[in-house]
K.L.:
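Before we start, here is the structure in question, set down as structure tokens.
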Amino acid sequence: MERGAGAKLLLLLWATCFGRARADASSGYTLVIEVTNGGPWGDWAWPEMCPDGFFASGFSLKVKPPQGIPGDDTSLNGIRLHCARGNGELNTHVVESQSGRWGAWSEPLWCPGGGFLVAFSLRLEAPVTPGDNTAANNVRFRCSDSTELQGPGLSWGDFGNWSEPCPKGVCGLQTKIERPRGLRDDTAVNDARFFCCRS
């Protein structure tokens, strides 16, 4: 590697690390929770955060129903967090990272008693080649009172292990999504990660 290229690489690494540390400090989140069974396709979209002082008390999913043969199944196309402060169903703010173009949004599922989402598990169909891949098919969340909420996604694949729990509650999300591929096989959402806030 040339000396100039090495210096540029070090500068880029420093700027990336320094910028990320500053973003973490100013954003108010303390932890990012992830799972290990995410799909291989797509790119991470932008993160979306609840407003300060709000936590996710509920969620809804964008799901494309089964298409049959020869249709192209994409299943899970989006995740929304319903952020609340106080009474969850009366004082809410909805946040959504990038979503796929197919399917319809479900009605929200809520943690009971004003609780918050604290951990998640992803249902993923393993890659099949050749075949109609769907990647992520469903999400389930654990609430702060240990209630488990399973989304209305499809049943293909298996749920993986639970993520690490947030100390207080989830306050943001980021999705990994494959963009539309024209006549080739589409999968939409492949993975997700969630942000934990301190207060």
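These values consider heavy atoms only, across backbone and side chains, with no hydrogens, waters or symmetry-generated copies.
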K.L.:
I'd like to check F116 versus C166 (side-chain heavy atoms, cut-off strictly below 4.5 Å). Are they in contact?
P.N.:
no
K.L.:
Determine, step by step, whether E107 and S60 satisfy the side chain to side chain contact (heavy atoms under 4.5 Å, CB included) criterion, reporting the C-alpha distance in whole Å, the side-chain angles of both residues, the deciding distance to 0.1 Å, and the verdict.
P.N.:
CA-CA 6 Å; E107 289 296 313; S60 52; over 6 Å; no
K.L.:
Answer yes or no: is there a donor N or O on one side and an acceptor on the other, between the side chain of S97 and the main chain of W46, under 3.5 Å?
P.N.:
yes
K.L.:
Same cluster for M49 and V32 if Ile/Leu/Val/Met/Phe/Trp/Tyr side chains link at under 4.5 Å?
P.N.:
yes
K.L.:
Side-chain heavy atoms under 4.5 angstrom apart, residues restricted to Ile, Leu, Val, Met, Phe, Trp, Tyr: same cluster for L149 and V139?
P.N.:
yes
K.L.:
For L31 and P167, which heavy atoms make the closest approach, and how far apart are they?
P.N.:
CD2-CD, 4.2 Å
K.L.:
Can you check whether G157's main-chain N or O pairs, donor with acceptor, with R123's side chain at less than 3.5 Å?
P.N.:
yes
K.L.:
Measure the CG-OG1 distance between D43 and T175 for me, rounded to the nearest 0.5 Å.
P.N.:
11.0 Å
K.L.:
Just wondering, do F195 and Q174 contact through their side chains at under 4.5 Å, heavy atoms?
P.N.:
yes
K.L.:
Keeping the roles fixed (side chain from T92, backbone from C83), state whether a donor-acceptor pair exists under 3.5 Å.
P.N.:
no
K.L.:
Do V35 and S163 come close enough that some side-chain heavy atom pair is under 4.5 Å?
P.N.:
yes
K.L.:
Could you walk me through whether C143 and C111 pass the disulfide (SG to SG under 2.5 Å) check?
P.N.:
CA-CA 6 Å; C143 297; C111 288; 2.1 Å; yes
K.L.:
Any side-chain heavy atom of I177 within less than 4.5 Å of one from V189?
P.N.:
yes
K.L.:
Do P112 and D145 have side chains that get closer than 4.5 Å, going by heavy atoms?
P.N.:
yes
K.L.:
In terms of hydrophobic clusters joined by side-chain contacts under 4.5 Å, are V118 and V170 together?
P.N.:
no
K.L.:
Give a yes or no answer on whether the side chain of S121 reaches the backbone of R140 with a donor-acceptor pair at less than 3.5 Å.
P.N.:
no
K.L.:
Grab the two heavy atoms, one from L154 and one from K64, that are nearest each other, plus how far apart they are.
P.N.:
CD1-O, 3.6 Å
K.L.:
Check L124 against A136 and note the closest heavy-atom contact, atom names and distance.
P.N.:
CD1-N, 3.5 Å
K.L.:
Any idea which heavy atoms bring C171 and C196 closest together, and the distance?
P.N.:
SG-C, 3.7 Å
K.L.:
Between F120 and F59, is the ring centroid distance below 6.0 Å?
P.N.:
no
K.L.:
How close do N37 and F159 get, counting heavy atoms only, and between which atoms?
P.N.:
ND2-C, 4.4 Å
K.L.:
For residues V95 and I33: do they belong to one hydrophobic cluster (side chain heavy atoms under 4.5 Å, members Ile, Leu, Val, Met, Phe, Trp, Tyr)?
P.N.:
yes
K.L.:
Going by the side-chain contact (heavy atoms from CB on, under 4.5 Å) test, name the single residue among I79, N77, L76 that passes it with K62.
P.N.:
N77
K.L.:
Is N138 reaching over with its side chain to a backbone N or O of G151, donor-acceptor style, under 3.5 angstrom?
P.N.:
yes
K.L.:
For the pair S144 (side chain) and G115 (backbone), establish whether a donor and an acceptor sit closer than 3.5 Å, ignoring hydrogens and angles.
P.N.:
no
K.L.:
Once rounded to the nearest 0.5 Å, what's the spacing between atom OG of S57 and atom CZ of R85?
P.N.:
12.0 Å
K.L.:
Looking at side-chain heavy atoms only, is the closest gap between P165 and R142 below 4.5 Å?
P.N.:
no
K.L.:
Does the side chain of C197 reach to within under 4.5 Å of the side chain of Y29, using non-hydrogen atoms?
P.N.:
yes
K.L.:
Any sub-3.5 Å donor-acceptor pair from D191's side-chain atoms to K176's backbone N or O?
P.N.:
no
K.L.:
Could you report the tightest heavy-atom contact between Q150 and L109, atom names first, then the distance?
P.N.:
O-CD1, 3.3 Å
